[in-house]
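Working notes, structure below.
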Amino acid sequence: MTSFIEKLPKVELHMHIEGSLEPELMMTLAEKNGVALPYKNLDEIKAAYQFKDLTDFVNLYLQGTEVIRSAEDFHTLTVAYLKKCQQQNVQHAEVFCDIRTYTDRGFAPDMVIEGIASGFKTGYEELGITGGMIPCFIRHLGLDAAKEDWALLKRFKNDILGIGLAAVEVPFPPSMFSDLFKEVRDEGLKILAHAGEEGDASYIWSAIKDLKVDRIDHGISCLDDPDLVEYLQKHQTPLTVCPCSNTSLHVVKEMKDHPIRQMLDLGLNVTINSDDPAHFGAYLQENMQAVHDECGVSESELVQMTADAIAASFADDARKTELNNKLSSFV
Ligand code: ADE
Ligand code: ZN
């Protein structure tokens, strides 16, 4: 089965670029940029990657971003992730980022956008991998901060795929950002929101009704609301599920209890993703392996979810056809 998952041409739709910052690269960048880390060695960094919950995780994740201080650093980080994609046969990747973390430290947003864009350029030219970036508003910093971010991001609308909503979910429902996301949509950008990770089903409803999202990130609490399940069955809203993230952040107790089995049985439009692979010790392949081994997800379901990920991606039609052809040849 490992070999089946290894060879499957995969698509990743939910991955935060700083969540792919491996401890080794964190140490290298800290040294390069003269940043003092609160860890003496790699083992101490790895030992710190134990999280109580989402808030605890977000704090440590944001601390790790201190070592990223130039567009070149973002380029290095993006290429490192895309090389990992190549090793795992991930053909297309859409990655989340944010600018706020860096603008708050006095950096220009260009550092983030240009660094990641140049990483994707290298990834396409040297590895044949396509994709793009989706900056997120940091929801727990509130609406005014998000408005400032949007004012800066508008200038980059041709460099990004859309805008997402991430970080600490409760008590910051998508509805707080309704008017702002309408402006995002009016600029022709896609809209995404983390919803139903730690939040209940009302957060998913709000992402659908108030933001009119193109995809829901996580969405696993939908099972608590039969009306929502019926809506998701009917509309086939894509849900980017991240199994190893959910167990690492104790949103789900054990992998064998992960709702993905039930979500698939209900005919929901589910894809598998890694979220923050360096922090949770699992890239896309390991996430697929985990749900295969522990939730009874079959080879044909992995293929179906990959086809659904291609359809739910923001790749253009020509690239979607190419990805579907690769998938068909594999099958
Ligand atoms: N940012 C990085 N990982 C995240 C997650 N799992 N939920 C919300 N925001 C995040
Ligand atoms: Zn996420």
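Positions are given from 1 along the sequence. Order of appearance sets the numbers: ligands from 1, and atoms from 1 within every ligand.
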Take every heavy atom of F96, measure it against each atom of ligand 1, and state whether any distance is under 4.0 Å.
no
Short N/O distance, under 3.5 Å, between E197 and ligand 1?
yes
Taking only non-hydrogen atoms of A166 and a 4.0 Å limit, the atoms of ligand 1 in range are 9 (N)
For the Zn ion (ligand 2), find the closest N/O/S atom belonging to H194 and write down its atom name.
NE2
If you have a sec, work out which protein heavy atom is nearest atom 3 (N) of ligand 1 and how many Å separate them, to one decimal?
D276 OD2, 2.7 Å
In the protein, what heavy atom is nearest to atom 6 (N) of ligand 1, and what distance, to one decimal place, separates them?
D275 OD2, 2.6 Å
Applying a 4.0 Å heavy-atom criterion (strictly less than), which segment of L54 is in contact with ligand 1: side chain, backbone, both, or neither?
side chain
Pick, from H16, E18, R139, the option with the minimum heavy-atom distance to atom 4 (C) of ligand 1.
H16
So if I apply the salt bridge (charged side-chain N to carboxylate O under 4.0 Å, His left out) rule between E187 and each of K154, R155, K157, which one comes out positive?
K157
NE2 (H14) to the Zn ion (ligand 2) to NE2 (H16): angle, nearest 10 degrees?
120°
Would you say the side-chain atoms of N287 and N273 include a donor-acceptor pair closer than 3.5 Å?
no
Given the ring of F107, does R105 sit roughly above its face, with NZ or CZ under 6.0 Å from the centre of the six-membered ring and within 45° of the axis?
no
Among all protein heavy atoms in this structure, tell me which lies nearest to atom 9 (N) of ligand 1, with the distance rounded to 0.1 Å.
A167 N, 2.8 Å
Would you please say whether a donor-acceptor pair under 3.5 Å links the side chains of W205 and D227?
no
Can you tell me which residue among L127, V95, I129 is in a side chain to side chain contact (heavy atoms under 4.5 Å, CB included) with C85?
I129
Using only atom types and a distance under 3.5 Å, with no angle test, would you say the side chain of Q91 pairs donor to acceptor with the backbone of V11?
no
Does the Lys NZ or Arg CZ of R215 fall within the cation-pi geometry relative to F314 - under 6.0 Å from the ring centre and within 45° of the axis?
yes
The Zn ion (ligand 2) - closest N/O/S atom in D275:
OD1
Per-atom contacts, ligand 1 versus H218 - under 4.0 Å to a heavy atom:
6 (N)
Would you say the side-chain atoms of K320 pair up with the backbone N or O of S313, donor to acceptor, closer than 3.5 Å?
yes
